[in-house]
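Ligands are counted one by one from 1 in listed order, and the atoms in each one are counted from 1 as well. None of these values were measured; they are calculated from a predicted model.
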Amino acid sequence: MALPEIALPAGYRWRTLTPDDQRLVTELDTWAFPTGLAHDDIDATPSPLTWERAIAIEAEGSDGLVALHASYPFGHFPVPGAELPTAGLTWVGVHPQHRRRGLLTAMINLHLARSAERGEALSALFAAEAPIYGRFGYGHAADDLRLKIPRGAALRDVPGAERHTVRVEVATREKHGELEDRLHRAAGAAPTGVPGINRPGWVTRETEELQAYWWADAPIYRDGRESRRIMIVELDGEPRGYVTFRRTLNWEAAGPRGRVHAGEVVALDAAAARALWGALLDLDLTNEVAPFVLPVDDVITHLLVNLRAAEPRTPDNVWVRLVDVAAALAGRQYAADVDVTLAVTDTRLPANAGVYRLQAEAFGPASVERVDPEFDSPELSLDVRELGAAYLGGKSLAALAAAGLVTEHPRPGQREGVLARASTAFGWPVAPASSWVF
Ligand SMILES: CC(C)(COP(=O)(O)OP(=O)(O)OC[C@H]1O[C@@H](n2cnc3c(N)ncnc32)[C@H](O)[C@@H]1OP(=O)(O)O)[C@@H](O)C(=O)NCCC(=O)NCCS
C-alpha cells in the first residue's frame, strides 16, 4: 500500500521496512528505549512486528533511522458487546537527537490516515509515558490492577473450587498454545458467564508474529526470572483456566523470600478462579504473588479477605482513539436504551467533527447519524479524546463532565438527566482491560 501524503518536517523522509531492516530497527529502538542487551541477542529473537505496518523516518545526510512506529492488525478488538477492527499502535520511538521536532506528530498523522484507509474505526495503545497521547485524541480508556499479594493470603470460599485440580508445567506453544488461545478468548467473551457481556479491550495475540514472539520466551527478556511456567486448573480433566508465571528466589537473613510474577490470569468461572488463586498463593519458597495487568474488577478483588494488604495500584491500561466516530459509535453496544445528540470536536481528524445522533437499545443494535445542529441541537458536547476515554465503558461521561471535559446542554422543556442517562448507556457491566501489553 502506498503511503498517504503526510507532511514531515524539512530534512526528513518516510521509509517503509522489511524484515531485512531488523538491525536498523533494533538500533533505533534501543536509542528510544535504552537497554544493556546486545543487538545480536535482540536480533536473534523473533520480532512481533507486522512489517508492512512498520514505518520509519530517515534524516537526510544521516545513517540509520531516526524514528519508527508500527501497528498490530487487531481484526477482533473487543468493544462493549462487539468487536471492531483496530490498529494497535506500537513500537513508537524517536532518536533523542531528533526529538521535539514534530516527528511523533507526523507519525501519528500517518498512522491515523493509514488506519482510516484500512477501515479501522479505532486505534488503541499502551502509553510508555501517560502525557504523550492525549493531544492526539487518545483517551485513557482502561486501568489495570497491580497487586502484591502475601503468600497464603486468606480467600473467600467458592463452592465447587475444591473439585478442581491443577497442573504446573513449563509453558510451550506445542503443548499450551491452543489451550491458552481458547481459554483467553472464552474468558474475554463472557467473563461473568453472561452471554454477550464481554470484556472490552481483552484483545488476543492475533498475528503469527505476536504468537511467535510470545512463545519464544526469549531468555534475554527474563530479567533473572525462570522460564515461563503455566498453571492450568481443571475440572474432571477439562481445562477451566490458567495462569502464566515466573518465580524468582532470594535468600535473606529470615529465609527464602521468593516472588511469583504472575502474567496472564484466566478463569472461566469463580470456582476455577478460586482454585487457581489458591494454588498460586501456596507455592513453596515464596512470600509474595505479584500479578501483572489484572482487570480492576478481577475476581481476586472480591475473593481476597484483605485486599488492602495487597497494596492495590491502578495504572493506565489501554488508551483508545476513535478514527471514525460514526462507525465506532455504531459498532458497540450500550448498557441502557439511549437517544442522545453529541457534538464532537476533533482538531486532528476534522472529518470526525460534527453532531451525531446516537440511538440504541440496551444490549441491542445501535445506529448513528450525522445531524444538522440547527434542527437537532446537541445535548452533550465533548472532544474525541473524552469519547475515546468513555468508549470501552470504563470511564463515566458524568465523571468526565464533573472534570469539565463533557458539557451537558439540556434542551428547553426536556426532562433533565441526559448526561446521567447517556453515562449509564456508555457504561458496561465489566471493566475494560487488555491482559497483555502491546
Ligand atoms: C515520546 C516520543 C516518541 C516523542 O517524539 P517527538 O518526536 O519528540 O514528539 P513531537 O516532537 O512530535 O512532540 C509533539 C508534542 O508532544 C509533546 N511530547 C512528546 N513527548 C512527550 C512526553 N514524553 N511527555 C510529554 N509531552 C511529550 C511535545 O512536547 C510536543 O508538544 P507541543 O505540540 O505542545 O510542542 C519520543 O520522545 C521518544 O521516543 N521517547 C522515548 C520512547 C517512548 O516513550 N516512546 C513512546 C512509546 S508508547
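E264 has no carboxylate O lying under 4.0 Å from a charged side-chain N of R228, or vice versa, which leaves the two without a salt bridge. A salt bridge does not link E226 with R246: none of the charged nitrogens is closer than 4.0 Å to a carboxylate oxygen. A salt bridge links K175 with E169; the closest basic N to acidic carboxylate O contact falls under 4.0 Å. The pair E117-R53 does not meet the salt-bridge criterion, since no charged nitrogen lies less than 4.0 angstrom from a carboxylate oxygen.
Within the 4.0 Å cut-off (strictly below), a protein heavy atom is located near atom 6 (P) of ligand 1. Distance remark: protein heavy atom present below 4.0 angstrom from atom 31 (O) of ligand 1.
Aromatic ring pairs are classed by plane angle as parallel below 30°, tilted from 30° to 60° and perpendicular above 60°; the pair H111 and H69 is perpendicular. The aromatic rings of F438 and Y72 stand perpendicular to each other, their planes meeting at an angle above 60°, with 30° marking the opposite boundary. Using cut-offs of 30° and 60° for the angle between ring planes, the Y213 and Y221 rings count as tilted.
The ligand atoms of ligand 1 that sit less than 4.0 angstrom from a heavy atom of G102 are 10 (P), 11 (O), 12 (O). The ligand atoms of ligand 1 that sit less than 4.0 angstrom from a heavy atom of G93 are 39 (O). Interface of L103 with ligand 1, defined as ligand atoms under 4.0 Å from a residue heavy atom, comprises 7 (O), 12 (O).
Heavy atoms of E129 found under 4.0 angstrom from ligand 1 belong exclusively to the side chain. At a heavy-atom distance under 4.0 Å, only side-chain atoms of R135, from C-beta outward, approach ligand 1. With a 4.0 Å cut-off on non-hydrogen atoms, L104 touches ligand 1 through its backbone as well as its side chain. When heavy-atom distances to ligand 1 are checked against a 4.0 Å cut-off, Y133 comes that close only through its side chain, counted from C-beta outward.
Centroid-to-centroid, the aromatic rings of W428 and F363 come within less than 6.0 Å. For an aromatic pair to be called close, the ring centres must be under 6.0 Å apart, and H176 with Y242 fails this.
Between the side chains of D181 and Q211, at least one donor-acceptor pair of N or O atoms lies under 3.5 Å.
Looking at H98 next to ligand 1, no N or O pair under 3.5 Å apart turns up. An N or O contact shorter than 3.5 Å is missing between A32 and ligand 1 by distance.
Summarising the contacts of atom 14 (C) of ligand 1 with T105, L125, I108, the nearest heavy atom is found in T105.
For atom 25 (C) of ligand 1, the nearest non-hydrogen atom of the protein is P131 CB, 3.9 Å. Looking only at protein heavy atoms, the nearest one to atom 37 (O) of ligand 1 is R100 NH1, 2.9 Å.
Residue contacts with ligand 1: F126 is included, with a non-hydrogen atom under 4.0 Å away.
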